[in-house]
Protein chains: 2
Amino acid sequence: MATTQTTKEKVKQTAQKLFRERGYAAVGMRELAKEVGIQAPSLYNHYKSKDDLLREICFDMAQYFFVAFDKAVTTEEKSPRKLKAVIKAHISVIATNLEASEVFFNEWMFLEQPHLGKFKKLRFEYEMKFREIIDKGIKKGDFKKMNSKLIAFAIFSALNATYELYRSNEKLSQEEIAEDISDLLLKGLKS
Amino acid sequence: MATTQTTKEKVKQTAQKLFRERGYAAVGMRELAKEVGIQAPSLYNHYKSKDDLLREICFDMAQYFFVAFDKAVTTEEKSPRKLKAVIKAHISVIATNLEASEVFFNEWMFLEQPHLGKFKKLRFEYEMKFREIIDKGIKKGDFKKMNSKLIAFAIFSALNATYELYRSNEKLSQEEIAEDISDLLLKGLKS
DNA sequence: GCCATAAGCTAACGGTTGTTAGCAAAAGAA
DNA sequence: TTCTTTTGCTAACAACCGTTAGCTTATGGC
């Protein structure tokens, strides 16, 4: 990076890395501090608490997802293309925030109240935005008549695990992943 | 339950419940013991360590998946039906071991060596069994020519998240879930 | 130069962690 | 019965937890 990094940024980035690698509960403040290159109490000059750190990571990610979705949803009209657009947007957010994404997906449960409740609400709203596209597509006849909750859920599962793909040996481009997964979901595996 | 439960069984079951609810690292031995109704040191009459408990939960589940797969894979011949059969088997294992499944999927990373390595190897082997069915299906022309690694991965993601469905409000039967998900994956969403 | 703020440090707090030692009671086998 | 094994208990250890207090040093604005 050409841009120099503030200590606060370094703390956040290091926390993302460690929380992802070993889980929020298993990472201590002293360990985090050591990785950053400062002493543990100095962390509190930048974040109020360990939970505060997790909160920032998770809610920043939530915002990225919402912004990307809203931007994508307006670009297309027909249901299949619209769905493909938001799938691409979703995958793109994951790809550009790989470590934070994993924290977002796997460690949010360690958020304390009231942030935990707020987070769940946001997540539900986001899922409903996806589901709405599917429901409208079914109503318009663009999609088969299926249990939309179940389908939306399956799509989500596939998308939210894409971060694992980026970590695998084979180098797959973001385009390739988005293209193949939306193809699979729209047209199916059968020839 | 009509069958009386040994203390060891109760420890395991309670551990599954707590590990799932709050994560392996966040659950203490004293808390686990309290839930079981004994003192913390008494746990060590049944399990050598906290890791030992996690190990048993994870490796038992691994075995269930392997057994169910091998049983299912022989029942069908044609690729799409074979894939559907193993999908059903996989979902069935999850459905009958709901809490242990979540621990299996989300907490395995806390296994210590050498069990962690062994676990990863088992998981990879299992994924390859799935992928093999897909590859053969592609070769025989039953499936579209697609990036099989990516596809196998997407299928897995959808399957492995089904435990969330059972926890949702709407009551969905195992049959319904297996049927709809394999339909989606085989035929796609598009009408 | 002066002052305020930011950002680091050491020492230490009360509490919790997984685990062991050592002992007692219960259960089962002979 | 007597012996062994199992299963429980209390007490405790060393290590670690997130966090605070209080102090020093560097930084940036005026």
Side-chain angles (χ1 to χ4, degrees), chain A residues 3-59 103 106-116 119, chain B residues 3-59 103 106-116 119:
Chain A
T3 60
T4 47
Q5 214 180 190
T6 69
T7 306
K8 180 164 185 173
E9 284 164 352
K10 194 170 182 184
V11 168
K12 188 183 174 189
Q13 186 191 292
T14 310
Q16 285 169 353
K17 183 184 137 221
L18 292 180
F19 290 169
R20 180 198 73 78
E21 282 174 358
R22 320 226 322 280
Y24 175 80
V27 174
M29 294 301 266
R30 285 165 182 82
E31 181 190 5
L32 169 58
K34 192 170 192 176
E35 194 91 358
V36 173
I38 59 178
Q39 295 295 319
S42 299
L43 292 170
Y44 292 82
N45 287 324
H46 306 286
Y47 289 94
K48 278 185 298 184
S49 63
K50 194 185 179 188
D51 177 66
D52 190 36
L53 236 175
L54 181 63
R55 211 204 67 241
E56 188 172 301
I57 295 171
C58 289
F59 280 80
V103 176
N106 301 322
E107 312 297 326
W108 61 267
M109 46 150 50
F110 295 104
L111 284 169
E112 293 166 16
Q113 294 293 10
H115 313 301
L116 179 60
F119 182 89
Chain B
T3 62
T4 46
Q5 213 179 192
T6 68
T7 306
K8 180 164 185 173
E9 286 163 350
K10 192 170 182 183
V11 168
K12 187 183 174 189
Q13 185 191 291
T14 309
Q16 286 169 352
K17 183 184 137 220
L18 292 179
F19 290 169
R20 181 198 73 77
E21 281 174 358
R22 320 228 322 280
Y24 175 79
V27 174
M29 295 300 267
R30 285 165 182 83
E31 182 189 3
L32 170 58
K34 192 169 192 177
E35 195 90 358
V36 174
I38 60 178
Q39 295 295 320
S42 299
L43 292 170
Y44 291 83
N45 288 323
H46 306 285
Y47 290 93
K48 278 185 298 185
S49 63
K50 193 186 178 187
D51 178 67
D52 190 36
L53 235 176
L54 181 63
R55 210 203 69 240
E56 188 172 300
I57 295 171
C58 288
F59 281 79
V103 176
N106 301 323
E107 312 296 326
W108 60 268
M109 45 148 53
F110 296 104
L111 284 169
E112 293 167 17
Q113 294 292 9
H115 312 302
L116 179 59
F119 181 89

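We name chains A, B, ... by the order of the sequence lines, and we start the count at 1 in each one.
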Q. Between Tyr47(B) (OH) and dT7(D) (P), how many Å, whole number?
A. 12 Å

Q.
How close do Gln39(A) and Ala33(A) get, counting heavy atoms only, and between which atoms?
A. C-CB, 3.6 Å

Q: Nearest-nucleotide wise, let me know which of Arg30(B) and Met29(A) is further upstream toward the 5' end of DNA chain D.
A: Arg30(B)

Q. Between Ala26(B) and Gln39(A), which has a closest nucleotide on DNA chain C that is more 5'?
A. Gln39(A)

(Q) Less than 4.0 angstrom between a side-chain N/O of His46(A) and OP1 or OP2 of dG8(C), yes or no? (A) yes

**Q.** Parallel, tilted or perpendicular: ring planes of Trp108(A) versus Phe119(A), cut at 30 and 60 degrees
**A.** parallel

**Q.** Whether Ser42(A) side chain and Ile38(A) backbone form a donor-acceptor pair below 3.5 Å
**A.** no

Q.
Using side-chain heavy atoms (C-beta onward) and a distance below 4.5 Å, is Glu21(A) in contact with Met109(B)?
A. no

Q: Whole angstrom is fine here: how far is it from CD in Glu112(B) over to P in dG18(C)?
A: 12 Å

Q. Can you check the Asp52(A) CG to dT19(D) P distance for me, whole Å?
A. 10 Å

Q: Send over the distance from Glu31(B) CD to dT17(C) P, rounded to a whole Å.
A: 8 Å

Q: Could you check how far OH of Tyr44(B) sits from C1' of dT10(D), rounded to whole Å?
A: 16 Å

Q. Tell me: CG of Leu43(A) to P of dA6(C), nearest whole Å?
A. 17 Å

(Q) Whole angstroms only, please: what is the CG-C1' distance between Leu53(A) and dG18(D)? (A) 13 Å

Q: Round to a whole Å and report the spacing from CD1 of Ile38(A) to C1' of dT25(D).
A: 15 Å

Q.
By nearest atom, which of the nucleotides dG8(D), dT10(C), dT19(C) is closest to the Asn45(B) side chain?
A. dG8(D)

Q.
Of the options dT19(C), dC9(C), dC9(D), whose atoms approach the side-chain atoms of Ser42(B) most closely?
A. dC9(D)

Q: Heavy atoms only: give me the nearest Leu54(B)-Glu107(B) pair and the separation to one decimal.
A: CD2-O, 3.6 Å

(Q) Nearest to the Lys50(A) side chain among dG8(C), dT19(D), dA11(D), which nucleotide is it? (A) dT19(D)

Q. Base, sugar-phosphate, or nothing: which does Val27(B) touch, judged by heavy atoms less than 4.0 Å apart?
A. sugar-phosphate

Q. Does a side-chain N or O from Thr7(A) land closer than 4.0 Å to OP1 or OP2 of dG8(C), or not?
A. yes

